[in-house]
Amino acid sequence: PHIRTFGDDFHTCAVQGAWPLIDNDYLYVQVTGAPASQGTHHTVVTKITIIFKSWRQCTDQQLYQAELDDVPAAFADGSQWSGERRGRRVLTVRTDSPGRHAEIRAAYIGTLLVVRQSGRSLGLSVRSPRGVLEAFHPDHDLQLCVWGCPASYRVDALRPPPLPHAAGAAEAHCAALLPTRDVYYHACVFDLTASGDLNSSGAAVGALQDARSMTGSGQGVHLLPAAAAGPAG
Amino acid sequence: CRILRCNSEFVAATVHLSGGGGAALSSDSAYCGALRSYSLCTKRTARPCRGDLAYHSAVQGIEDLLIQHRCPRAGPTARPWPRPQGAVLGDACLYERSFVSREGRAPEYRHCSVFGD
């Protein structure tokens with residue numbers, strides 16, 4: 001999968017198995033990657049696990065799990081919210097598209113998480129205060145959202161794999177969907193070329209939508225790769 | 001079942017005592033008070049937790065620790081967890097509101113995403 005880190009680095013990461021994205025005093029987020037298809041080392045996220053750790057009088061521990069074709073709008077125990085203070089629920093789950101989208105708001109840590117299924121992969125976007133993200137022990141040094149993808153697992157997203165889909169057609173399709181030749185555009189071309197599945201472009205489009213709503217302004221949404229910048233199309 | 005809250009309150013009540021080591025703790029009335037509070041907390045949540053393995057582990061663990069540390073069954077309990085009072089403290093579970101009232105500005109947010117093929 002592609003990773004935009006809290007520090008606005010962008011990596012394409014061929015990791016398999018379970019990897020932590022966030023591991024701090026409040027939150028543990030883990031993604032599980034599996035090969036996109038037989039015979040390829042490209043991987044997709046097939047499972048997302050989120051543990052909200054018990055925090056003082058605000059909330060008890062809660063577990064959220066999403067898998068491919070099963071993105072529930074509820075925690076693992078079936079509840080849709082936890083903790084209530086002054087008439088406000090401090091941890092809630094809701095959905096705009098049952099089975100394919102979930103939005104989790106953790107007001108007690110000012111954190112928003114959005115889980116989406118696009119095509120045959122899952123995606124996750126997180127917005128969290130710096131003070132929350134920095135509350136971890138130095139031992140917790142494997143957090144893809146904090147440190148990015150380990151160098152040995154990185155793939156060059158500016159060089160999409162050849163076949164099965166023609167690169168020109170992928171570029172045209174992604175340019176029609178994404179306004180800027182930014183990392184989301186390159187991720188879209190990469191995914192389309194690797195998978196040959198037009199639906200896979202939805203992942204980059206959804207991630208850009210989340211970046212727009214989570215970063216709150218035009219500036220800083222479009223990360224530009226060093227080798228390419230400017231309008232798409 | 002609120003056993004995780006009981007566990008958290010016990011950890012919070014004893015975390016500052018652990019520096020003295022196990023031997024020092026055995027004579028520490030504060031530790032015994034925290035254990036008695038923990039025990040009371042489990043009793044309050046006994047009914048909803050009756051099928052919960054963590055609850056039964058906690059109850060058994062408390063019994064063992066009370067014996068191990070020779071704690072009297074009756075006696076003072078640890079000071080209860082401080083509950084929020086007033087408008088500002090009442091916002092303790094609303095991060096942004098509490099941050100703004102403490103720092104006078106909105107927190108700095110960061111964004112991360114993982115997506116694609």
Side-chain angles (χ1 to χ4, degrees), chain A residues 1-8 12 21-22 31 36 42 44-45 54-61 83 85-86 88 90 107-111 116 118-121 123-133 144-146 187-188 190-191 194-195 197 200 203-204 206-207 210-211 214-216, chain B residues 1-15 37-38 41-42 44-45 48-49 51-55 57-58 78-117:
Chain A
H2 311 285
I3 298 174
R4 176 180 178 153
T5 70
F6 289 125
D8 284 344
T12 296
L21 287 183
I22 301 171
V31 292
H42 298 119
V44 292
V45 173
S54 171
W55 184 244
R56 294 190 178 164
Q57 71 272 32
C58 300
T59 182
D60 294 328
Q61 180 172 294
R85 288 293 171 273
R86 308 178 85 203
R88 276 190 62 175
V90 299
Y108 67 105
I109 48 173
T111 296
R116 295 177 186 278
S118 305
R120 301 302 302 159
S121 69
L124 174 74
S125 297
V126 184
R127 178 185 188 251
S128 195
R130 209 177 79 171
V132 168
L133 302 171
L144 298 186
C145 268
V146 176
C188 174
F190 183 96
D191 292 351
S195 68
D197 177 10
S200 70
D210 290 337
M214 289 183 174
T215 57
Chain B
C1 176
R2 320 288 280 183
I3 191 62
L4 290 175
R5 182 166 297 179
C6 296
N7 295 351
S8 301
E9 288 183 353
F10 176 68
V11 169
T14 55
V15 68
S37 293
Y38 194 10
C41 187
T42 62
R44 282 197 294 269
T45 195
C49 289
D52 189 298
L53 193 57
Y55 163 79
S57 298
R79 204 171 57 168
W81 191 273
R83 295 288 166 188
Q85 292 172 349
V88 174
L89 285 173
D91 291 337
C93 294
L94 302 174
Y95 184 92
E96 188 163 314
R97 211 182 281 183
S98 123
F99 188 95
V100 168
S101 54
R102 196 175 61 245
E103 305 282 332
R105 61 178 174 88
E108 181 187 339
Y109 287 99
R110 298 284 180 167
H111 166 64
C112 169
S113 66
V114 176
F115 63 96
D117 196 330

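Just so it is clear: chains get the letters A, B, ... in the order the sequence lines come, proteins before strands, and each one is counted from 1.
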Indicate the ring-plane relationship of A:His2 and B:Phe115, choosing parallel, tilted or perpendicular according to the 30° and 60° boundaries. tilted
Structural part of A:Leu133 lying under 4.5 Å from a heavy atom of chain B: side chain
What residue, out of A:Ser128, A:Ser118, A:Pro1, has the most heavy-atom pairs lying under 4.5 Å from chain B? A:Ser128
Closest non-hydrogen atom pair between A:Ser121 and A:Ala203, with its separation: OG-CB, 4.5 Å
Please walk me through it: do B:Ile3 and B:Cys49 pass side-chain contact (heavy atoms from CB on, under 4.5 Å)? CA-CA 7 Å; B:Ile3 191 62; B:Cys49 289; 4.2 Å; yes
Side chain, backbone, both or neither: which part of A:Leu21 has an atom under 4.5 Å from a heavy atom of chain B? side chain
Engaged part of A:Arg130 at the chain B interface, taking heavy atoms whose separation is under 4.5 Å: both
What part of A:Val146 is in contact with chain B, defined as an atom under 4.5 angstrom from a non-hydrogen atom: side chain, backbone, both or neither? neither
Check: B:Arg2 main-chain N/O paired with B:Thr45 side-chain donor or acceptor under 3.5 Å: yes
Give the intermediate values and the outcome of side-chain contact (heavy atoms from CB on, under 4.5 Å) for residues B:Cys6 and B:Tyr38. CA-CA 6 Å; B:Cys6 296; B:Tyr38 194 10; 3.9 Å; yes
Would you mind checking which part of A:Ser125 comes under 4.5 Å of any heavy atom in chain B, side chain (CB onward), backbone (N, CA, C, O), both or neither? both
